[in-house]
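Got a structure for you, written out below as structure tokens; questions coming shortly.
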Amino acid sequence: MTSISDPPATVPPATVSARLRAATAVAHEQAESSPFIDDLMSGRLDVDAYAGLAQQLLFVYRALEDVGDRLAGDAVADAVRDEKLRRVPRLTADLAALGVDVDALTPSPAVAAYVSAIEATVADPARYVAHHYTRYLGDLSGGQVVAHRMRQHYGVDDAALTFYAFDIDKLKRYKDSYRDSLDALPLDADGVDRLVDEAIGAFGHNQALFADLAADRG
Ligand code: HEM
């Protein structure tokens, strides 16, 4: 028998961070188990595969950080923006260490679409936060495992893995406070819906990026 005090069968997560995590959980699993990532993480590829990923990520982070700079002063974007997260200089240095000429790179079709999606968020900071969350919180989480495996499987030098190193003392504490910032975003219900939808889309763009990298390798 149900009583009036029983919660409904499915309780929607109360906070923005919980909603984001729940809404992207399946997409996260798919990204983690996509053939390119699975092969890369299991040691079945080579250092060139890691370099290929880093090259494509350079376009993604240039867009993320360019839009982030343009949104400086916006209360929604400023809630998550942080100089400590800036990755373009590190990614550029990593690529140099890998012997890649960054001026000769072109984005894959999926990455070109990903970049356009990020650029469009300059008009909607709630959507910008979705891209920020998807990449940076991922780098602070699974990214740490990626760096470890690249060293372990392919002998990638630390000088080519600075992308995954953050000048942040306690990553867990930082991620907790990032989630607190998400939960305190000055957004109405519609803004939160747009954020969550865009995060699902951002995971899709990452999946498409991995599919391009897999296709490149035949
Ligand atoms: C290489 C494969 C991956 C592994 C091993 C991995 C692993 C993890 C782990 C263990 C966490 C939980 C960390 C925590 O709760 O503090 C996490 C969180 C996260 N990952 Fe991944 N991940 C991978 C790929 C990805 C990809 C491709 C993306 C998106 C581009 C991504 C985005 C995220 C995000 C946004 C979170 C934070 C979830 C939240 O707490 O709201 N991850 N990942």
Side-chain angles (χ1 to χ4, degrees), residues 12-45 49-65 79-80 82 85 87 91 107-108 110-111 113-115 117-118 121 126-154 156 161 163-164 166 168-185 192 195-214:
T15 60
V16 174
S17 64
R19 266 191 70 183
L20 268 173
R21 181 184 269 183
T24 58
V26 170
H28 185 273
E29 258 181 58
Q30 288 169 346
E32 244 185 291
S33 58
S34 67
F36 177 81
I37 292 295
D38 187 36
D39 285 347
L40 184 71
M41 296 293 280
S42 306
R44 288 189 288 271
L45 301 181
Y50 166 66
L53 174 63
Q55 287 166 39
Q56 293 303 316
L57 288 179
L58 182 61
F59 294 101
V60 174
Y61 282 83
R62 276 180 181 156
L64 262 179
E65 290 170 10
V80 293
D82 184 351
L85 297 177
R87 297 292 93 188
L91 202 40
S108 80
V111 168
Y114 190 179
V115 165
I118 295 170
T121 67
R127 289 188 186 274
Y128 173 72
V129 170
H131 289 280
H132 194 279
Y133 161 81
T134 303
R135 282 302 332 177
Y136 295 111
L137 219 54
D139 299 333
L140 292 165
S141 308
Q144 302 306 299
V145 188
V146 176
H148 176 72
R149 299 276 175 91
M150 296 308 100
R151 264 181 228 113
Q152 183 189 31
H153 291 311
Y154 312 119
V156 178
L161 289 167
F163 173 78
Y164 297 100
F166 289 87
I168 293 173
D169 254 0
K170 301 255 185 274
L171 292 186
K172 184 181 179 316
R173 193 183 302 160
Y174 187 92
K175 286 190 285 185
D176 287 345
S177 99
Y178 186 102
R179 290 190 195 98
D180 290 345
S181 304
L182 290 175
D183 294 342
L185 282 172
V192 173
L195 197 177
V196 172
D197 282 353
E198 189 77 16
I200 296 167
F203 270 84
H205 285 296
N206 280 276
Q207 275 279 29
L209 185 174
F210 303 146
D212 275 359
L213 290 169

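One is the number of the first residue; the rest follow in order along the sequence. For ligands, and for the atoms within them, numbers begin at 1 and follow the listed sequence.
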Test ring pair (Phe, Tyr, Trp, His ring centres under 6.0 Å) on F210 and H205 and set out the steps.
CA-CA 9 Å; F210 303 146; H205 285 296; over 10 Å; no

For a quick check under 3.5 Å, do N206 and Y114 share a side-chain donor-acceptor pair by atom type?
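There is such a pair between these side chains.
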
Please work out, at 4.0 Å between heavy atoms, whether the side chain, the backbone, both, or neither of K172 comes within that distance of ligand 1.
neither

Can you check atom 3 (C) of ligand 1: any protein non-hydrogen atom closer than 4.0 Å?
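Yes, at least one protein heavy atom sits under 4.0 Å from atom 3 (C) of ligand 1.
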
If you count heavy atoms of other groups shown closer than 6.0 angstrom to CD of E29, is the number above 12?
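It does not: E29 CD has 12 such atoms or fewer within range.
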
Just jot down the salt bridge (Lys or Arg N to Asp or Glu O under 4.0 Å) partners of R127, sequence neighbours excluded, or say none.
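Expected list: D124, E198.
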
Sub-4.0 Å atoms of ligand 1 with respect to non-hydrogen atoms of N206:
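Those of ligand 1 that fall under 4.0 Å from N206 are 30 (C).
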
Let me see the working for D183 and S17 under side chain to side chain donor-acceptor pair (under 3.5 Å), right down to the final yes or no.
CA-CA 6 Å; D183 294 342; S17 64; 3.0 Å; yes

Go through the structure and list residues passing salt bridge (Lys or Arg N to Asp or Glu O under 4.0 Å) with D176, not counting sequence neighbours.
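Partners of D176 under the salt bridge (Lys or Arg N to Asp or Glu O under 4.0 Å) test: K172, R179.
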
May I ask you to identify, for V146, whether its side chain, its backbone, both or neither come under 4.0 Å of ligand 1 on a heavy-atom basis?
side chain

When the ring centroid of Y50 is compared with that of H153, is the distance short of 6.0 Å?
no

Ligand 1 and R21, any nitrogen or oxygen pair closer than 3.5 angstrom?
yes

For the pair D169 and Y174, evaluate side chain to side chain donor-acceptor pair (under 3.5 Å) and give the outcome as yes or no after the intermediate values.
CA-CA 8 Å; D169 254 0; Y174 187 92; over 6 Å; no

For K175, the ligand 1 atoms whose distance to one of its heavy atoms is below 4.0 Å
13 (C), 14 (C), 16 (O)

The complete set of side-chain hydrogen bond (donor to acceptor under 3.5 Å, both in side chains) pairs with one or both residues in residues 55-64, sequence neighbours excluded, reads Y61-R135, Y61-D139

For atom 29 (C) of ligand 1, the option (of Y136, Y178, Y174, F203) bearing the nearest heavy atom
F203

Who's the nearest protein heavy-atom neighbour of atom 35 (C) of ligand 1, and how far?
Y133 O, 3.5 Å

Any luck finding a side-chain donor-acceptor pair between Q144 and H148 under 3.5 Å?
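No, H148 and Q144 have no side-chain donor paired with an acceptor closer than 3.5 Å.
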
Show me which atoms of ligand 1 lie under 4.0 Å from any heavy atom of T134.
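Near T134, meaning under 4.0 Å from one of its heavy atoms, ligand 1 has 29 (C), 30 (C), 32 (C), 35 (C).
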
Atoms in ligand 1 flagged as close to R135, the criterion being non-hydrogen separation under 4.0 Å
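Matching atoms, with element in brackets: 30 (C).
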
Please check: side-chain N/O of Y128 versus main-chain N/O of L64, any donor-acceptor pairing under 3.5 Å?
yes

Around atom 21 (Fe) of ligand 1, what protein N, O or S atoms are found below 2.8 Å?
H28 NE2

Atom indices of ligand 1 within 4.0 angstrom of I37 heavy atoms, with elements
1 (C), 2 (C)

So the atoms of ligand 1 within less than 4.0 Å of a heavy atom of F210 turn out to be 27 (C)

Would the distance check show the side chain of Y154 and the main-chain N or O of L40 forming a donor-acceptor pair, the cut-off being under 3.5 Å?
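Yes.
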
